[in-house]
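Starting off with a structure, shown below.
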Amino acid sequence: MPGAFSQGLIWAIMAIGVYITFRILDVADLTVDGTLGLGGAVCIMCMLAGMNVWAAMALAFAAGILAGLVTGLFHTLMGIPAILAGILTQLSLYTVNLKVMGKANQAINVDKYDLLISLRFVKGVPIWQNTIVIVALIVVLLIAILYWFFGTELGCSVRATGCNGNMARAQGINTSFTTVLGLMLSNGLVAFSGALLCQYQGFADVSMGRGAIVIGLAAVVIGETLFSKIFRNFALKLLSVAIGSIVYYLVMQVCIWFRIDTDLLKMLSAIVVAVFLAVPYWKAKYFTRVNVHKGGADRA
């Protein structure tokens, strides 16, 4: 259970990145499946070359920003639909990740390298080395930074672009720039999550991001379904996404406890997302009482 909790926190950072594109920008970005692996590949290769862990994660974040920039330019400069632009970048990143690592996967030993987090640090270590504590602090810090950023004029412009692009342009906002900026920020966070994930599991793999978009959407949908009536503040909405990621991994852990075939986990992930997406629709259609005014009924 501590392992599932810590892994849920790591993926929460990726889920927050997905939230930026999926909810704030209203863009379906599939780049994340490649960006997660890119962050892991860049981080692990930098550390194997002797670079400090914080510098390696900063470069991973920068690499994710560049991946988001490519998707943004495909979409805004070349007129390619956002979902297809993300697919094109994702396909390209598979080759990029192979070239960065030199082979399909690279391993890193926690005994030889000064990793920030590791699966070994989940329990039985001092609190300042505990993976859960460290990642939780990083998540809280990122939420605070994003809350500040999206309260600035530039951040509000990004949010306005996602709410109503036509109105945003009428107010003098360069929606192409804000769309690209949102994609860059989102993919930077996803790559940063990949940098943490490769340290946690001790290796980076060219396919480690496969299905990441499903996990990200699951976290967003679960968080919104559970806390939409409670969390109104923007920072709390980001926190709900993080909690949704943890809930997702706890559900997966429970499935493993019940000895469900691990080959079925991807399908279970899709079912979880589908169910939580359907909950608001079911609630509105079957459980919301329609008030009919008596006077209106008489006139009809």
Side-chain angles (χ1 to χ4, degrees), residues 1-20 22-23 32-33 36 39-40 116-125 127 129-143 189-190 192-203 205 208-231 235-280 282-283:
M1 188 63 73
F5 196 88
S6 58
Q7 200 166 359
L9 282 171
I10 293 171
W11 284 86
I13 300 173
M14 184 276 300
I16 291 173
V18 172
Y19 180 85
I20 291 174
F22 184 62
R23 285 301 187 215
V32 297
D33 280 18
L36 189 83
L116 181 64
I117 61 173
S118 172
L119 180 59
R120 297 188 193 178
F121 300 158
V122 171
K123 55 183 179 180
V125 296
I127 191 170
Q129 288 184 326
N130 190 285
T131 293
I132 296 176
V133 174
I134 293 174
V135 181
L137 290 175
I138 292 174
V139 170
V140 171
L141 180 61
L142 285 175
I143 289 175
L189 290 173
V190 174
F192 187 79
S193 175
L196 290 171
L197 182 61
C198 76
Q199 295 178 62
Y200 176 79
Q201 61 191 14
F203 68 91
D205 187 85
M208 64 185 286
R210 183 172 296 172
I213 186 63
V214 176
I215 298 174
L217 290 176
V220 172
V221 172
I222 291 172
E224 288 182 339
T225 303
L226 294 178
F227 301 104
S228 60
K229 300 296 184 181
I230 306 172
F231 292 169
L236 293 178
K237 289 181 179 180
L238 295 178
L239 180 61
S240 72
V241 173
I243 297 174
S245 177
I246 296 171
V247 170
Y248 170 85
Y249 267 95
L250 292 180
V251 170
M252 292 297 105
Q253 185 62 44
V254 170
C255 292
I256 294 173
W257 281 351
F258 282 102
R259 297 184 178 180
I260 295 176
D261 187 356
T262 54
D263 292 339
L264 302 177
L265 289 181
K266 292 294 184 181
M267 183 180 70
L268 288 173
S269 301
I271 293 172
V272 168
V273 175
V275 169
F276 276 93
L277 280 172
V279 165
W282 290 339
K283 184 178 179 181

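Note that these values count all heavy atoms, side chains included, but never hydrogens, waters or copies made by symmetry.
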From Ile222 CD1 over to Leu217 CG, what is the distance, rounded to the nearest 0.5 angstrom? 10.5 Å
Polar contact flag, side-chain donor to acceptor under 3.5 angstrom, Tyr200-Thr131: no
What pairs with Phe231 under ring pair (Phe, Tyr, Trp, His ring centres under 6.0 Å), at least two apart in sequence or on another chain? Phe227
Which atoms form the tightest heavy-atom contact between Thr225 and Val221, and what is the distance? OG1-O, 2.7 Å
Is there a donor-acceptor pair closer than 3.5 Å between any side-chain N or O of Asp33 and the backbone N or O of Arg210? no
How close do Ala212 and Leu36 get, counting heavy atoms only, and between which atoms? CB-CD2, 4.3 Å
Check ring pair (Phe, Tyr, Trp, His ring centres under 6.0 Å) between Phe22 and all other residues, then give those that pass, not counting sequence neighbours. none
Would you mind reporting whether Ile215 and Tyr249 have side-chain heavy atoms less than 4.5 Å apart? yes
Minimal heavy-atom distance between Glu224 and Tyr19, with the atoms involved, is OE2-CE1, 3.7 Å
What closest approach, in Å, do Ile132 and Ser6 show between heavy atoms, and which atom pair accounts for it? CG1-CB, 3.6 Å
Just by distance, do the side chain of Ser193 and the backbone of Ile10 share a donor-acceptor pair under 3.5 Å? yes
Leu142 vs Leu189, test: side-chain contact (heavy atoms from CB on, under 4.5 Å). Steps then yes/no. CA-CA 9 Å; Leu142 285 175; Leu189 290 173; 4.1 Å; yes
State whether the number of non-hydrogen atoms from other residues, nucleotides or ligands found under 6.0 Å of Ile127 atom CD1 is greater than 12. no
Taking it one step at a time, do Met208 and Gln201 satisfy side-chain contact (heavy atoms from CB on, under 4.5 Å)? CA-CA 11 Å; Met208 64 185 286; Gln201 61 191 14; 3.7 Å; yes
What are the two closest heavy atoms between Ala242 and Val139, and how far apart are they? CB-CG1, 4.1 Å
Taking all atoms of both residues into account, what is the closest heavy-atom pair of Ile138 and Ile13, and its distance? CG2-CD1, 4.0 Å
